[in-house]
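Per chain, numbering begins at 1; letters A, B, ... match sequence-line order.
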Amino acid sequence: MRKRWPDEKGRRFYKDLQKRLSEKLHHLDNVELRNINTLLAIDVSYKEGHAMVCGVLWDVGKACPFAIYRYIEPVYFPYISGLFFIRELPPIVRLAKKVAIDYDVLLLNAVGAAHPEGIGLATHAGLYLEKPSFGITERIPYGFYEMPEKREKAWRKILDSNGNTIGYVIRSQKYVKPVFVTPGYRLKPETALSLAMSLPFNARLPEPLRLADRCSKKDFKKEVKIRGCENETIHSIKYPAMTGKQPG
DNA sequence: GCGACAG
DNA sequence: ATCTTGTCGC
């Protein structure tokens, strides 16, 4: 993994890019809940300099998985809050490209609109893969909200500084710590909320993500030995919508 | 220098 | 995310 990257200049570039991209996305939030039957839930775990990605194809109506994919590659970039996509988008994209079966929506263990520039990893993933997307996390890097009552199964809005709804805090069961649901790409906040609440919650995170999380950790060492390294980096990934040049 | 920081 | 033992509380 490269060290000390991106530098201040690089970070500013990506922050500005995110701001520009984010402004163009609002008009595209037109996917309706009734057209969503399947989703691909993705999660990543890390060990020994490698990223293990797991994708779970989930049938929303039957509430069960119907295919599972795994993929591993070296880690090339550090984690930076607000620029999480630089680290995790590349492996996620390469896992998703191995999924030949079609699906309706992407679900990431990352934030979408509840982000300083309004465009977290969940948004980047949908944008890059041209799929509607949303995210569910245990914490958020940006947003204003009140906690739902501890002893109630309930949800509350998450607002940005202008009072716009950018997601929801939802307590899936009494006394369970809340999770944060945020729209990513082509979904309205309410649609992401409804979709999230239609999933089974046997733990803090909904079943498809919990499954993806568990499978991304299983037999990690073994996989690291078997697989080779694919020498690709963030630089090999170009957004169709990206304009402007990278610094340096 | 120290704490905070989506995963 | 990951490194890590026991422990307190909902």
Expressed as a whole number of angstroms, how long is the span from [X]:[atom1] to [N]:[atom2]?
X         : N       : atom1 : atom2 : value
Met52(A)  : dT2(C)  : CE    : C1'   : 15 Å
His50(A)  : dA1(C)  : NE2   : P     : 19 Å
Ile42(A)  : dG7(B)  : CD1   : C1'   : 14 Å
Glu152(A) : dC10(C) : CD    : C1'   : 15 Å
Phe85(A)  : dA1(C)  : CZ    : P     : 21 Å
Lys217(A) : dC3(C)  : NZ    : P     : 10 Å
Lys177(A) : dA6(B)  : NZ    : P     : 13 Å
Leu209(A) : dA6(B)  : CG    : P     : 17 Å

Go through the side-chain N and O atoms of [X] and [Y] and say whether any donor and acceptor fall under 3.5 Å apart.
X         : Y         : value
Gln173(A) : Tyr175(A) : no
Tyr46(A)  : Glu88(A)  : yes
Glu130(A) : Tyr185(A) : yes

Aromatic ring pairing Phe85(A)/His124(A), orientation class (parallel under 30°, perpendicular over 60°, tilted between):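 The rings of Phe85(A) and His124(A) lie parallel, inter-plane angle below 30°.
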
same_hphob_cluster(Ile136(A), Ile140(A)) at 4.5 Å side-chain heavy-atom cutoff: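 No, Ile136(A) and Ile140(A) fall in different hydrophobic clusters.
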
Any Arg139(A) side-chain nitrogen or oxygen under 4.0 Å from OP1 or OP2 of dG7(B):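 The answer is yes; a side-chain N or O of Arg139(A) sits under 4.0 Å from OP1 or OP2.
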
Whole-Å C1' distance, dC2(B) and dT5(C):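 To the nearest whole Å, 26 Å.
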
P-based separation of dG6(C) from dG1(B) [nearest Å]: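 Here dG1(B) and dG6(C) have their P atoms 35 Å from each other.
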
Aromatic stack Phe84(A)/dG7(B): centroid gap under 5.5 Å, interplanar angle under 30°: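 One would not call Phe84(A) stacked on the dG7(B) base.
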
Touch class at under 4.0 angstrom, heavy-atom based, for Gly82(A) against every strand present: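 The answer is base, as Gly82(A) lies within the cut-off (heavy atoms under 4.0 Å) of a base atom.
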
Touch class at under 4.0 angstrom, heavy-atom based, for Leu108(A) against every strand present: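 Since no nucleic acid heavy atom lies under 4.0 Å of Leu108(A), the category is nothing.
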
Asp213(A) vs Lys150(A), nearer the 5' end of DNA chain C by closest nucleotide: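 Its nucleotide being nearer the 5' end, the pick is Asp213(A).
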
Selected nucleotide, minimal atom distance to Tyr175(A) side chain, candidates dA1(C), dC10(C), dA6(B):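 For the Tyr175(A) side chain, the nearest candidate turns out to be dC10(C).
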
Listed nucleotide nearest any side-chain atom of Lys47(A), set dC3(C), dC5(B), dG7(B):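 Shortest atom-to-atom distance from the side chain points to dC3(C).
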
